[in-house]
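Notes to accompany the following structure.
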Amino acid sequence: MSGGLEQVMALSRGMLDMAEQGDWERFAAIQDERERLLEQVLPAERNDEPALRALIDYNRRLCEVVERERDKVAQEWQAAHGRSQAIAAYTSH
């Protein structure tokens with residue numbers, strides 16, 4: 001595994017930890033760097049199947065955590081919006 005791919009893997013692990021801890025500011029801060037490195041590294045690393053499988057696994061896990069958090073935030077927003085509408089209806093009468 002090349003140094004660039006190792007760096008991408010380290011960033012991916014870090015992003016997964018940050019996502020699981022809800023540290024979205026740090027997650028977003030390194031996301032662009034990870035994408036830039038991926039664009040540089042992947043064409044040269046097509047033959048490193050174990051590393052690519054690990055990277056795909058990190059991506060899958062990242063997507064799962066982000067989707068779960070997105071759904072949680074959407075539910076919280078809907079609940080808050082519903083409360084706001086109920087309060088507005090109550091205070092208007």
Side-chain angles (χ1 to χ4, degrees):
M1 183 181 326
S2 73
L5 191 53
E6 287 177 12
Q7 193 174 4
V8 170
M9 297 294 280
L11 288 172
S12 298
R13 281 190 298 272
M15 287 177 69
L16 184 57
D17 290 342
M18 290 170 208
E20 289 173 341
Q21 295 171 11
D23 190 349
W24 298 109
E25 286 183 38
R26 286 182 54 211
F27 178 95
I30 65 170
Q31 183 175 1
D32 289 339
E33 179 183 358
R34 179 178 174 266
E35 287 182 24
R36 182 184 54 77
L37 280 171
L38 277 170
E39 289 175 4
Q40 293 173 359
V41 169
L42 285 183
E45 298 297 330
R46 290 186 180 178
N47 295 326
D48 193 345
E49 190 172 328
L52 294 176
R53 286 185 189 277
L55 190 56
I56 289 168
D57 184 57
Y58 279 123
N59 284 337
R60 180 189 54 77
R61 291 168 57 197
L62 280 167
C63 288
E64 289 171 357
V65 173
V66 169
E67 288 171 1
R68 192 170 49 240
E69 190 64 24
R70 179 204 60 207
D71 293 346
K72 178 182 161 190
V73 169
Q75 289 173 349
E76 289 171 359
W77 182 86
Q78 287 177 338
H81 185 67
R83 284 190 298 272
S84 295
Q85 286 181 330
I87 290 169
Y90 179 78
T91 58
S92 69
H93 286 47

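None of these values were measured; they are calculated from a predicted model. Just so you know, these numbers use all the heavy atoms, side chains as well, and skip hydrogens, waters and symmetry mates.
Here the straight-line distance linking atom CG of Asp17 with atom CG of Asp23 works out to 10.5 Å at 0.5 Å rounding. Expressed to the nearest 0.5 Å, how far OG of Ser12 lies from CG of Leu37 amounts to 9.5 Å. With rounding to the nearest 0.5 angstrom, the CZ atom of Arg34 is 4.5 Å from the CG atom of Asn59. Here CD of Glu20 is found 10.5 Å from CZ of Phe27. Values are rounded to the nearest 0.5 Å. With rounding to the nearest 0.5 Å, the separation of CG in Leu16 from CG in Leu11 is 12.5 Å.
Within 6.0 Å of atom CZ in Arg60, more than 12 heavy atoms from other residues, nucleotides or ligands are found, so the atom counts as buried in its surroundings. The environment of CZ in Arg26 is sparse: at most 12 heavy-atom neighbours from other residues, nucleotides or ligands sit within 6.0 Å.
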Quick one: side chains of residues 68-80, donor-acceptor pairs under 3.5 Å with protein atoms, not counting sequence neighbours, listed by atom name and distance.
none

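Arg13 pairs by the salt bridge (charged side-chain N to carboxylate O under 4.0 Å, His left out) definition with nothing, not counting sequence neighbours. For Arg61, the salt bridge (charged side-chain N to carboxylate O under 4.0 Å, His left out) criterion is met by Asp57, not counting sequence neighbours.
Taking both residues in full, the closest heavy atoms of Ile30 and Met15 are given as CD1-CG, 3.2 Å, listed atom of the first, atom of the second, then distance.
Using a 4.5 Å cut-off on side-chain heavy atoms (C-beta onward), Val8 and Tyr58 make no contact. Looking only at side-chain heavy atoms (C-beta outward), Met18 and Gln31 stay at 4.5 Å or farther from each other.
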